[in-house]
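Quick caveat, the model's predicted, so the values are computed rather than measured.
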Amino acid sequence: MTQNTIKKINSLYPRLSEKEKKIADYIQEDPSRIINKTINEVSADLNIADATVFRFCKRLGFKGYQAMKIALASEVITPIQQIHEEISDQDNEKTIFEKIFKSNIQTLENTMHILDETSINKAVKLMNQAKHIYFYGTGGSSVIAMDAYHKFIRTGVKCFAFIDSHFQLMSASQLSKDDLAIVISHSGRNRDTLQIAKTAKENGASVIAITGFPKSPISQLAQVALYTSSEETEYRSEALSSRIGQLSIIDALYVNTMVRRKDIANPALKKMRQAISQTRI
């Protein structure tokens with residue numbers, strides 16, 4: 001909770017340096033503004049070094065600035081999401097539709113705010129360097145992985161996805177330094193998914209994680225982690241609501257790949273459209 005984060009800041013305050021106290025004051029005055037700020041912007045606002053902001057986040061128990069920002073975002077935005085999706089069994093059909101749509105819109109906005117530009121740039125760079133891209137996810141995340149494959153097959157880049165977790169693990173064991181594994185797990189703690197990611201990394205492949213938790217094992221293992229923001233409600237699990245954010249991250253990565261590899265992407269897309277056109281009446 002933000003209240004707990006603020007309590008941490010208050011308890012540490014007497015032991016903070018003058019520059020760290022400036023950061024503490026900055027957050028306490030308006031925790032929500034951190035959501036829309038990069039570490040560079042915060043350091044510029046306060047006229048301090050990025051490293052000072054980073055150390056401050058570590059003192060609070062976060063892995064770094066991005067982890068603190070995600071925590072604050074989910075905590076600050078929670079009351080807004082509850083307004084949007086406080087569904088009652090007394091609601092009529094139209095009202096439930098409206099609340100679900102508003103909740104999805106809010107999830108997208110929250111996710112957009114917590115995505116870190118440095119992580120986005122690293123992810124796109126890894127995708128452009130990879131000779132082969134593999135999409136992994138188990139359970140509900142396997143559907144997201146298959147959707148990613150459905151998009152990326154249009155790019156001309158060799159890509160793969162498998163529904164069965166054993167097939168995923170076997171394919172991960174065959175990866176090399178030329179390959180990229182994109183691993184999707186909302187919790188970041190699924191045992192099968194973690195084993196797949198570990199196997200891919202051990203074989204030299206780069207790993208990008210799409211998850212909802214910066215402190216999760218999958219986040220620690222991946223070279224790059226892209227985070228979604230979502231909330232659990234009485235009628236919808238947190239993992240279910242995060243799906244819209246995961247799909248949007250995949251869409252954004254796909255478009256970036258199409259733009260940067262258009263020399264192979266455009267001919268591949270043209271071939272695919274020609275092939276698919278034969279299936280239409």
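Put simply, the side chain of Glu20 reaches to within 4.5 Å of the side chain of Ser17, judged on heavy atoms. A heavy-atom distance below 4.5 Å is found between the side chains of Arg154 and His150. The shortest distance between side-chain heavy atoms of Arg243 and His186 does not fall below 4.5 Å. Looking at heavy atoms from C-beta onward, Leu60 lies in side-chain contact with Met68 at the 4.5 angstrom threshold. Counting heavy atoms from C-beta outward, Asn266 and Lys270 have side chains that stay 4.5 Å or more apart. At a threshold of 4.5 Å between non-hydrogen side-chain atoms, the residues Ile9 and Ile27 count as touching. A 4.5 Å side-chain heavy-atom check between Leu115 and Ile249 finds at least one atom pair inside the cut-off. You'll find the side chain of Met258 reaches within 4.5 Å of the side chain of Leu269, heavy atoms only.
Applying the 6.0 Å contact sphere to CG of Asp30 captures more than 12 heavy atoms from other residues, nucleotides or ligands. Within a 6.0 Å radius of NZ in Lys19, no more than 12 heavy atoms belonging to other residues, nucleotides or ligands are found. By the 6.0 Å contact criterion, NZ on Lys21 is enclosed, its count of non-hydrogen atoms from other residues, nucleotides or ligands being greater than 12. Within 6.0 Å of CD in Glu93 there are 12 or fewer heavy atoms belonging to other residues, nucleotides or ligands. Surrounding CD of Glu117 are at most 12 heavy atoms belonging to other residues, nucleotides or ligands under 6.0 Å away.
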### Task
I would like to know whether Arg189 and Ile218 meet side-chain contact (heavy atoms from CB on, under 4.5 Å); could you show each step before the answer?
CA-CA 7 Å; Arg189 296 180 178 279; Ile218 204 84; over 6 Å; no
### Task
Let me see the working for Asp147 and Lys151 under salt bridge (Lys or Arg N to Asp or Glu O under 4.0 Å), right down to the final yes or no.
CA-CA 6 Å; Asp147 178 81; Lys151 290 184 176 74; 2.2 Å; yes
### Query
So Thr257 and Phe152, side-chain contact (heavy atoms from CB on, under 4.5 Å) or not? Walk me through it.
CA-CA 8 Å; Thr257 301; Phe152 274 81; 3.5 Å; yes
### Query
Where do Phe54 and Tyr65 land on the ring-ring contact (aromatic ring centres under 6.0 Å, His included) test, with the steps shown first?
CA-CA 6 Å; Phe54 180 79; Tyr65 176 77; 9.4 Å; no
### Query
Would Thr228 and Thr107 satisfy side-chain contact (heavy atoms from CB on, under 4.5 Å), going step by step from the backbone distance to the final call?
CA-CA 8 Å; Thr228 58; Thr107 293; 6.0 Å; no
### Message
Go through it in stages, so that I can follow the logic: the residues are Asp45 and Lys37, the test is side-chain contact (heavy atoms from CB on, under 4.5 Å), and I'd like the CA-CA distance, side-chain angles, deciding distance and then a yes or no.
### Response
CA-CA 10 Å; Asp45 286 348; Lys37 297 274 189 179; 2.9 Å; yes
#### Entry: Intermediate values then yes/no, salt bridge (Lys or Arg N to Asp or Glu O under 4.0 Å), Glu202 and Lys198
CA-CA 6 Å; Glu202 286 168 359; Lys198 285 177 182 176; over 6 Å; no
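In this structure, a donor-acceptor pair under 3.5 Å is absent between the side chains of Asp164 and Gln168. A side-chain donor-acceptor contact under 3.5 Å links Asn190 and Thr138.
At least one donor-acceptor pair closer than 3.5 Å links the side chain of Ser248 to the backbone N or O of Ile244. A donor-acceptor contact shorter than 3.5 Å links the side chain of Arg261 to the backbone of Asn128. Checked by atom type and distance alone, the side chain of Lys201 pairs as donor or acceptor with a backbone atom of Leu221 at under 3.5 Å.
Of all heavy-atom pairs between Ala145 and Gly137, the closest is CB-N, 4.1 Å. Of all non-hydrogen atoms in Phe213 and Ser216, the two that sit nearest each other are O-OG, 2.7 Å. Shown here for Leu253 and Ala123, the closest heavy-atom pair between the two residues is CD2-CB, 4.2 Å. Residue Gln246 comes nearest to Ile210 through the heavy atom pair CG-CG2, 4.0 Å, listed as atom of the first residue, atom of the second, then distance. Among all heavy-atom pairs drawn from Lys262 and Pro267, the shortest one is O-CD, 3.8 Å. The two atoms that bring Ser219 and Thr211 nearest to each other are OG-CG2, 3.4 Å, heavy atoms only.
Hydrophobic clustering places Val259 together with Val124 (ILVMFWY residues linked when any side-chain heavy atoms are closer than 4.5 Å, directly or through intermediates). Linking ILVMFWY side-chain heavy atoms closer than 4.5 Å, directly or via other members, places Ile264 and Ile153 in a single hydrophobic cluster. A continuous path of ILVMFWY side-chain contacts below 4.5 Å connects Val255 to Met272, so both sit in one hydrophobic cluster. The hydrophobic clustering, which links ILVMFWY residues whose side-chain heavy atoms are closer than 4.5 Å, places Val143 and Ile250 apart. A single hydrophobic cluster is not seen to contain both Ile196 and Ile133; linkage of ILVMFWY side chains at heavy-atom distances under 4.5 Å, directly or through other members, places them apart.
Cation-pi geometry between Arg33 and Tyr26 is met: the NZ or CZ atom falls under 6.0 Å from the ring centre, inside 45° of the normal.
Between atom CG of residue Leu175 and atom CZ of residue Phe160 there is a gap of 9.5 Å, rounded to the nearest 0.5 Å.
The pair Asp116-Lys69 does not meet the salt-bridge criterion, since no charged nitrogen lies less than 4.0 angstrom from a carboxylate oxygen. For the pair Asp179 and Lys131, the salt-bridge criterion is not met [side-chain N within less than 4.0 Å of a carboxylate O]. A salt bridge is absent between Lys102 and Glu98: the closest approach of a Lys/Arg side-chain nitrogen to an acidic carboxylate oxygen does not fall below 4.0 angstrom.
With respect to Tyr136, the side chain to side chain donor-acceptor pair (under 3.5 Å) criterion is satisfied by exactly one of Ser171, Ser141, Ser142, Ser165: Ser171.
Separation of the Phe135 and Tyr149 ring centroids does not fall under the 6.0 Å cut-off.
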